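Quick notes on the structure that follows.
Because the structure is predicted, anything quoted here is derived from the model rather than measured. Throughout, a chain's letter reflects where its sequence line sits, starting with A, and its residues are numbered from 1.
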Amino acid sequence: MTVRVRFAPSPTGHIHIGGVRTALYNYIFAKAMGGSYILRIEDTDLERSTKEFEESQLLDMAWIGLEHDEGPGVDGDYGPYHQSQRMDTYHKYAQQLLDEGKAFYDFCSDQELEEMSRKNKEEGAPPYTGKWKDPAHWDEAKAKITAGEKAPIRFLVPAKDVCFTDHVRGEVKFPEGMVGDFVIMRSNGMPTYNFCNVIDDHLHKITHVIRGEDHVNNTLRQVLVYEAIGAELPEFAHVSLLIGADRQKLSKRHGATSVKQYRESGYLPEALANYLCLLGWSHPEEKDVFTVEELANKDVFSLGRFSKSHAVYDIEKLKYINAQHIKRLSVDELHLRVAEFMEEDSYYHRQTGEWQKAFVGLYQDKIQLLPDLNEKIKDITREVVEPSNELEEILSWETTPAIKQYLASELEKTTGDYVDADTFSQWMDYCKKELKIKGKPLFMGFRGVLTGQNHGPDLKVLIPLTPVANLKKRIESL
RNA sequence: GCUCCCAUCGUCUAGCCCGGUCUAGGACAUCGCCUUUUCACGGCGGUAACAGGGGUUCGAAUCCCCUUGGGAGUACCA
């Protein structure tokens, strides 16, 4: 059996990190099993679905590396992949259920429905007990429909316990009578999620449904629909949900929750994917820095390694993972990725590619996020030294004035825009040999005088990247 | 309310299914030390958890029950 999985978002907003997490699990499982990953757009909610959101979701998914084998823009044997283009199919199945007496038209008014569900709740009965579920009224209902009246179609829920097997939760059982006859077709002719989702999974030959735990209750209804249309059940895996530090469902209150925000904040897609996979799933070798490609292997990724409990989303660890992935990049690659995150008027953009690469390489293991480099560029552009206690201390050493005087005169003699690394080494050698300064006073003296800071990256690389003019101004301002 | 689900360091988790090898392992964060004559990176080490109560058993983080706490669903949303 070839594994076929799908991710089926609704284009009603920007894609959420919880959404890509389940998409990632589906994708990785498909790749690990040599199967296919299908993307289906569930745009049956006319009110909330927009083309803009769909495009935004497609963009974010592409960014994180979720390439689908079938779906929008990628033809497959089971299209179309937009639910809005599959209406005929849903109507056909709905009609079949109607004909077989497994569904019925419901003409109860909203008010009737409301009273009914309130009363039934008190009595512990299933929510829907309207008269239209009684076959005795079905001819009357058909007549009304023929006469042009609009009504939703409800699924006639059979009186039976329902159970299914879940890869993360084991056997899940629901007692009879806990769901009422639910709507499968709205009065506007659009199918509802619990109906078209099942039809499509069946027709798309989906073998494994990996989705959030918030769907377990839906699965009860869906199992019933599978049975009603005579379809075989896929295998299920309901993955635990993501929650915030306050243990509440993750929402905007908890900060950035859309993939878009992470993309724009300078997180690496491989890092976000890495971190998201770690929430609720664990690597068999307990690794925590990896790529999606490394996971897409059946010896590594398995449905049995999902955690049953909720996971608190912790941005600190995401940042750590991001820093790890930044370090794994080649300087050339990092250079490419950094460009869009440097401020538009940054000094950085006015430099040669070679200079940029040297700069990026210098800070590669010192940043967590790509835009952190904007702060680091100040080490280059700073013209005036800002006083600090640490700097005062360095300046107060008896060796420092000599270094300062020497450096000032050397800079004065320098004609180019930058000093080269060799020249800088010669300066150090001179101070070491002629001025007899060594160790901490030498290095810190140089650092203090040339950068005005008491810490920072390797001077041998930093100084040749700094314009001589700035170096001069700094010394003057001391 | 009802139905379903969950419960190991502050956080993510390993271990649980197939009880002893667990004086409970790893990672983030945190603290300390070392290293790079700075910072960061890295290395080493510390603090820190089996929710509570009952069983079962020679023996329970692991199996069972209860309590408590948390989550999800309960739409003509998905």
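- Between A:Tyr128 and A:Phe104, the ring planes are tilted. Angles from 30° to 60° get that label.
- Aromatic ring orientation, A:Tyr27 versus A:Tyr37: perpendicular (interplanar angle above 60°, classes split at 30° and 60°).
- Among the protein residues, A:Thr44 comes within range of the sugar-phosphate backbone only, with heavy atoms under 4.0 Å from sugar or phosphate atoms but none that close to a base.
- Nucleotide B:C2 holds its P atom 19 Å from the CD atom of A:Glu176, rounded to whole Å.
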Per-nucleotide protein contact along nucleotides 60-74 of chain B, 5' to 3', at a 4.0 Å heavy-atom cut-off (B base, S sugar-phosphate only, - neither), is ----------SSBS-
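- In this structure, A:Arg154 reaches the sugar-phosphate backbone alone: every heavy-atom distance under 4.0 Å involves primed, P, OP1 or OP2 atoms, never a base.
- Using a 4.0 Å heavy-atom distance criterion, A:Glu123 is classed as making no nucleic acid contact.
- For B:C76, the base has no donor-acceptor partner in the side chain of A:Thr192 [N/O atoms by modelled type, under 3.5 angstrom].
- Using modelled atom types, no side-chain atom of A:Thr400 and backbone atom of A:Ser396 make a donor-acceptor pair closer than 3.5 Å.
- The ring of A:Phe53 has its center closer than 6.0 angstrom to the ring center of A:His14.
- You'll find the side chain of A:Ile326 stays beyond 4.5 Å of the side chain of A:Arg337, heavy atoms only.
- Figure legend. B:A72 is base-paired to B:U3; pairs are counted as Watson-Crick or G-U wobble with both atom distances under 3.5 Å.
- Taking the six-membered ring for Trp, A:Tyr406 and A:Phe446 have ring centres at least 6.0 Å apart.
- Here A:Lys308 does not reach the OP1 or OP2 of B:C5: none of its side-chain N or O atoms lies under 4.0 Å away.
- Both tests hold for A:Lys144 against A:Phe107: distance to the six-membered ring centre under 6.0 Å, angle to the ring axis within 45°.
- Counting non-hydrogen atoms under 4.0 angstrom, A:Gly456 reaches a base of the nucleic acid.
- Residue-level contact check: A:Asp106 touches neither bases nor backbone, having no heavy atom under 4.0 Å from any strand.
- Toward the 5' end of RNA chain B, the nearer of the two residues A:Ile367 and A:Leu279, judged by each one's closest nucleotide, is A:Leu279.
- Judged by distance alone, the side chain of A:Gln57 and the main-chain N or O of A:Gly13 form a donor-acceptor pair under 3.5 Å.
- A:Lys173 comes within contact range of the sugar-phosphate backbone alone, with a heavy-atom separation under 4.0 Å but no base atom that close.
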Every protein N/O within reach of nucleotides 46-48 of chain B N/O, cut-off under 3.5 Å:
none

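- A sub-4.0 Å separation between OP1 or OP2 of B:C77 and a side-chain N or O of A:Arg186 is present.
- For B:C6, the OP1/OP2 oxygens have no side-chain nitrogen or oxygen of A:Ser307 closer than 4.0 Å.
- With A:Phe306 as the partner, the ring pair (Phe, Tyr, Trp, His ring centres under 6.0 Å) test is satisfied by one option alone out of A:Phe236, A:Tyr25, A:Phe29: A:Tyr25.
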Quick one, give me the B/S/- string for nucleotides 21-35 of chain B, reading 5' to 3', where B means a protein heavy atom under 4.0 Å from the base and S means that only happens at the primed atoms, P, OP1 or OP2.
-> ----BSBS-------
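- Residues A:Ser117 and A:Arg305 each lie close to RNA chain B; by heavy-atom proximity, the contact nearer the 5' end of the strand is made by A:Arg305.
- No close placement of the A:Phe301 and A:Phe290 rings is indicated, their centers lying 6.0 Å or farther apart.
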